[in-house]
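Basis for what follows: all heavy atoms, side chains included, without hydrogens, waters or symmetry-related copies. Note that this is a predicted model, so its numbers are computed, not measured. Within every chain, numbering begins at 1; the chains are lettered A, B, ... in the order of the sequence lines, protein sequences first and strands thereafter.
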There are 2 protein chains.
Amino acid sequence: MSQTVEPKLARGLRDLLPEQMLARQEMINTIRSVYELYGFVPINTPAIEFTDVLSGSAGLEIQQSTYKVLAPEDDLLGLRFDLTVPLARVICQYKDLQRPFRRYQVSSVWRADKPGPGRFREFTQFDIDSVGVPGEVADTEIIAAICDTLKALKVGGYLVKFSSRRLLNLLLRYSEIPESRAEDVFRVLDKLDKIGLKKVRLELTEGYVDESGDPIPGLGLQNEQVDKIEEFLALSSDDRRELIDKVSNIFEGVKRSEEEIATVAKISDQLYALGYDNDQVRLDLSLARGLAYYTGPVFEAVLTDAPQFGSVFGGGRYDNLVRRFINESIPATGASIGVDRLLAALLELEKIPLRKSTAKVLITKMDNKLLDDYLQMTWELRRAGISAEFYLGSGRNIGKQLKYADKCGIPIALICGGNEKEMGVVTLKDMEVGRRLSEQIMDREEWREERPGQVEVKRENLVDGVRKMLADIEG
Amino acid sequence: MSQTVEPKLARGLRDLLPEQMLARQEMINTIRSVYELYGFVPINTPAIEFTDVLSGSAGLEIQQSTYKVLAPEDDLLGLRFDLTVPLARVICQYKDLQRPFRRYQVSSVWRADKPGPGRFREFTQFDIDSVGVPGEVADTEIIAAICDTLKALKVGGYLVKFSSRRLLNLLLRYSEIPESRAEDVFRVLDKLDKIGLKKVRLELTEGYVDESGDPIPGLGLQNEQVDKIEEFLALSSDDRRELIDKVSNIFEGVKRSEEEIATVAKISDQLYALGYDNDQVRLDLSLARGLAYYTGPVFEAVLTDAPQFGSVFGGGRYDNLVRRFINESIPATGASIGVDRLLAALLELEKIPLRKSTAKVLITKMDNKLLDDYLQMTWELRRAGISAEFYLGSGRNIGKQLKYADKCGIPIALICGGNEKEMGVVTLKDMEVGRRLSEQIMDREEWREERPGQVEVKRENLVDGVRKMLADIEG
C-alpha cells in the first residue's frame, strides 16, 4: 500500500462545487450581457505579472499580501491582486489599441490576506472601465450600467450612491484645510458609516480611546474647521437636484466651486434625462471611498434589501492610472464588482436559484436489456435541445435513482421498464410533486401504486410530453 | 518626472485583446452549452494547490515545469498544471458529492516550459469527465459529446479516433512481450504518426541514429515480436465493425481477448445506434496516447480540414485517478480540449468571426448641443436590446469617428447633425457597404454627397430602422 497524500487546499482557498458554480455563471452571464449591450469588450490578462508592474498603484497593505511566483528565469513575479493594474499595463503596452477603450474583464485575483468568513485569498472581480474619456458622459454611463446590471440581476431594491472627490476638495478649501492633509482627512471621513459622526469628529481633532482601549490619534484640526465639515456632511436630500442646490449655496464664493459642482450636476441631469431617478441614484456627500487614486466622481451601490453586504459595486474616476508606466495622464473611469460578495447577497435574498444539475430529465435504468432504448431516449431529448442524463450509476434500484434525481435537482425522472416498453409508453415523474406528496412513499418504493405527479406518454410523444411537463413545472 | 516602469509581460505570457477574447468566449459558450445539454455540471478550483497534491500523477517533465508560489505560511504551493489533478482532489475531499459525478471545468493552467510560437506558459483547458462509472456507456457518451461539440462549433470535417489500452495489452500477450515492457513499447508506438513505421520498428528492436546524428536506443525486442506488432498495426478499415472483426481474428485464442474486444465493440455499436457513423468516429489501432495513466478506451479528435493542428481533443479512461489520495479505485473517463489550439484552428479555418466590438451601432457626435439627443438614442437602442455605443472620443471629426467604427467592426454608424435634427430624421450608415464602395470618398470626407449604404429614417422609427439594416447586414 503506497503512501497517500491528503486531499486538501491551502489556507484561504476554496473550491466552487456545481451548485455555487451554476449560480455564479448565471450571474456573470447576466452582467456580461448588460456590459456588451453597452458596447464594452472583454480582455484577458495572465494571472502572473512582474512585481514592479504590480507595485506602486495599490496601498502598502495590498503590496504586502501579493503572492510571489517563481519562474525558471528567476524573474520577480507575482499574482495580480486586482484588474486595474493589468488594464493600465495593457493601455500602455499596446499603442494601437483604439481609444476610447471600453473594456470589461472578469477574472480571479489573489491576496494572501488573513482569511475569514466569506473572505478568501482567491476571489473574482468583474470590472468595467472607460479609458481615454475625460468628459462626464463616461461617468454617467458607468452609473447607468451599474443600475441596469442590478436591474437585470433582479436584486430587488438597490441604490447607487455617487459623489465627487472634487466636492471634497472644495470642502478642504471651504474649511481652510491645506491640500496636503487631504488624504488623511478623506481616510477619516470614509469611516463615517462605520463609526458615526461623533467619533469622526474626535478623530479629526484631538483623537480618542476606542472600546478596546487603543488610543486613536487625532488629526489636530481646529473645531471651526470641523464645524464646516460637519455642516457639509449634514447636507442631505433624497432629491439630487435639491442637494446640489444646497451644496452650491454653502460653497458660494469658494474658488472653482461652480466648475466642480457643474460636473456633478451634469451627471445628475443626464441620469434624470435617461430615466435614472432619485429612487435609483442618489448624491451622497459622505461618500469618499478609500483609495487615494480617485480624482473625480466616485460611486458605489448597495442592495437596500440586504444592506449588511455593504457595497457590491465600487468605482470612480482615476485620471492618473498610467502615470507609473508613461509620463502622461490618461483619463479613466470605471467600476468593479466583488463577484463573490454579490453572489452571496443574491443567494441570501433568494434572487438566484440554487441548482445542482443542468439536466432537466433523468432517464432511469429499470432493465439492462433496455439499455439501447434508454440511450435512444437520452439522445432524442438532447437533440431536441432538452438537457438529459442517463443514470450511469451501478444497479437498477429505482429508489436510489429517484433520490439521485432529487439530490441533483433534476426536475423530471423518466421511467421505462419491460411493461412500459411492451405498451409503447414511458412514465414521466415530476420530482417536485412526487417529493411534496409522498416522501415516505418514495422511501417505501410504493411509488408504482400511488404515482403522484406521474404521467404516461406514448413513446413517440416523448419530446412533447417532456416539454409539456417542463412548461408546467417552470410555470 | 518620476521613474517609470516598463509595461510588459514575463516570458511565455500573453494578453488576450478584445478580438481574441470575443472569439474565445463564443467558442467556450458553444462547448459549454453542449456539455450542459449532456447534463455535465461546472466546478471551479483555485489556481493554487499544495505541491504534494500536484505531484505524482503527471510525468517528471510537467512536475519540473510547475510554477512555485510563496504564501505567508511558508506552505509548499504551486500553480495547477492541469484540471485532472484538482478533480481527483475534489472527488476525494468531498465525501458527499453525488456519484456518478459528471463535471466540466474550463480554466487556466500554468507550465513554465520553454515557450515557442503558439506555446504559452498560461493556457486554457476545457475538460469533461465522468467519475464513478465503470461501464463503457460513459466512454460512448464522451465520444458522442466530442462529436456534438465539433458539430456545434461548425468546424467542418472532423474525425474522432478511438482505441483501447486493453487492445494494446492483448497485443503484448499476442507478441509475447512481458507487461513490464508495456509503457516503453506504447511510448514508441505513440510516435508512429510522427516518425513512421520503419523507425518505430528500429526503435523497438536494435535502435538507430537519427538525422541529427543522435543515437536512438532500441528496446531490444525480437523481430518475430515486432512482426506481430506490425501485423496488428497494419489492420485498418474505415468501417469500425469490419476492423473489429479483423482484430478478433488475429487475437483469436489470446487470453481474455473476447472480453477486451467486446468493450470496444459495445462502444462502437452504441455509437452506430445513436447515429455516430464511420464518417465521424473511427477505430484507430495505432492510437496509444502518451500518458501512462490511461487504463481503457482512449480517444482523440482531429480536424480533417486542418490536420496541421494535430489533435484538438484528447482523453480516455483512467481508473486509477484517485489512488494517490485514497487506497481505492474510482473509475473515470473524460476528455480535454486545448482551448488555445482549437481556437487557433477555428480562426485559421475562418469558422469563427473575428470582431473587435460588441456594439452594433455607433452613435456619432456631430454637434455638442445635441448631446442629450445622442444619449437618448443610445439608451433607446440599448433598451431595445441592440448593443450601442455613443462615441466618447474627443472632437467631432466625422471621418475620425467613422474610422473608429470601421476599426472596431461596428456595423452601423448613426449620424445626426443639426439638419437631421430639424428634419426629425437620423442617417444610418452601413459601414461595410460604405467601406466597399467608397474608401477614398470616406477619406476625403465627401460621404455627404455620395452616401453609399446610407438610409435616412424618421427619428421615431430609429429602433425599427436599425433592426432592418442589421437584418440586411447579417443576412
Side-chain angles (χ1 to χ4, degrees), chain A residues 1 4-5 7-8 10-11 13 15-18 21 25 36-37 39 41-48 50 52-53 67-73 75 77 89-90 92-93 98 100 112 122 133 137-138 270 273-274 324-327 357-359 372 375 379 382 387-389 392-393 404 407-408, chain B residues 1 4-5 7-8 10-11 13 15-18 21 25 36-37 39 41-48 50 52-53 67-73 75 77 89-90 92-93 98 100 112 122 133 137-138 270 273-274 324-327 357-359 372 375 379 382 387-389 392-393 404 407-408:
Chain A
M1 222 184 238
T4 57
V5 172
K8 64 171 186 183
R11 192 154 180 245
L13 299 175
D15 296 304
L16 294 167
L17 298 181
M21 268 304 281
Q25 278 183 8
E36 295 199 349
L37 201 56
V41 288
I43 66 166
N44 194 40
T45 62
I48 301 169
F50 279 116
D52 63 353
V53 165
Y67 277 103
K68 305 283 179 298
V69 172
L70 304 178
E73 289 83 12
D75 287 331
L77 303 176
R89 179 186 53 69
V90 162
C92 299
Q93 188 169 342
Q98 278 304 312
E122 173 172 340
V133 189
V137 182
Q270 286 165 1
L274 295 170
R324 288 171 38 242
F325 300 110
I326 50 176
N327 276 305
S357 176
T358 56
D372 285 344
L375 293 181
W379 260 259
R382 288 173 180 171
S387 177
E389 176 179 344
L392 286 172
Y404 171 86
K407 246 189 129 169
C408 291
Chain B
M1 218 185 242
T4 56
V5 172
K8 64 172 185 184
R11 192 155 182 247
L13 298 175
D15 295 305
L16 294 168
L17 298 181
M21 267 305 280
Q25 278 184 9
E36 295 198 349
L37 201 56
V41 287
I43 67 167
N44 193 40
T45 62
I48 301 169
F50 280 117
D52 64 352
V53 165
Y67 278 102
K68 304 284 180 298
V69 171
L70 304 180
E73 289 83 12
D75 286 331
L77 303 175
R89 179 186 52 70
V90 163
C92 298
Q93 189 170 340
Q98 277 304 313
E122 173 171 340
V133 189
V137 182
Q270 286 165 0
L274 295 169
R324 290 172 33 245
F325 300 110
I326 49 176
N327 277 304
S357 177
T358 55
D372 286 344
L375 293 181
W379 261 259
R382 288 173 180 170
S387 177
E389 177 179 343
L392 286 172
Y404 171 86
K407 249 191 127 169
C408 292

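B:Glu122 contributes a side-chain N or O that, together with a main-chain N or O of A:Ala47, makes up a donor-acceptor pair within less than 3.5 Å.
In this structure, A:Leu70 and B:Tyr67 have side chains that are not in contact, with every pair of non-hydrogen atoms separated by 4.5 Å or more. Between B:Ile43 and A:Pro18 there is a side-chain heavy-atom pair separated by less than 4.5 Å.
Here the closest non-hydrogen pair linking B:Ser387 and A:Gly39 is OG-N, 3.6 Å. Between B:Ala10 and A:Leu77, the shortest heavy-atom contact is CB-CD2, 3.5 Å. Smallest separation of non-hydrogen atoms from A:Thr4 and B:Asn327: CG2-ND2, 3.7 Å. Here the closest heavy-atom approach between residue B:Gln25 and residue A:Pro42 is recorded as NE2-CB, 3.4 Å.
If you take CD on B:Glu36 and CZ on A:Arg382, they are separated by 12.5 Å, rounding to the nearest 0.5 Å. Between the CG atom in B:Asn44 and the CG atom in A:Asp15 there is a gap of 8.5 Å [rounded to 0.5 Å]. Distance CZ/A:Phe325 to NZ/B:Lys8: 12.0 Å, rounded to 0.5 Å. In this structure, OG1 in B:Thr45 is found 10.5 Å from CG in A:Leu17, a value given to the nearest 0.5 Å.
Looking at B:Phe50, the atoms closer than 4.5 Å to chain A (heavy atoms on both sides) all sit in the side chain, from C-beta outward. Heavy-atom distances place the side chain of B:Val90, and not its backbone, under 4.5 Å from chain A. Both the backbone and the side chain of B:Gln93 come within less than 4.5 Å of a heavy atom of chain A.
Here B:Tyr404 pairs with B:Tyr391 under the ring pair (Phe, Tyr, Trp, His ring centres under 6.0 Å) rule; sequence neighbours left out.
By number of non-hydrogen pairs under 4.5 angstrom with chain A, the leading residue of B:Ile48, B:Leu375, B:Leu13, B:Ile326 is B:Ile48. Between chain B and the residues A:Ala112, A:Ala359, A:Pro7, the most heavy-atom pairs under 4.5 angstrom are made by A:Pro7. Ranked by heavy-atom pairs under 4.5 Å with chain B, the first of A:Ser357, A:Cys408, A:Ala388 is A:Ala388. By number of non-hydrogen pairs under 4.5 angstrom with chain A, the leading residue of B:Asp372, B:Leu274, B:Val137 is B:Leu274. The candidate with the highest count of non-hydrogen atom pairs below 4.5 Å against chain A, out of B:Pro72, B:Ala138, B:Gly393, is B:Pro72.
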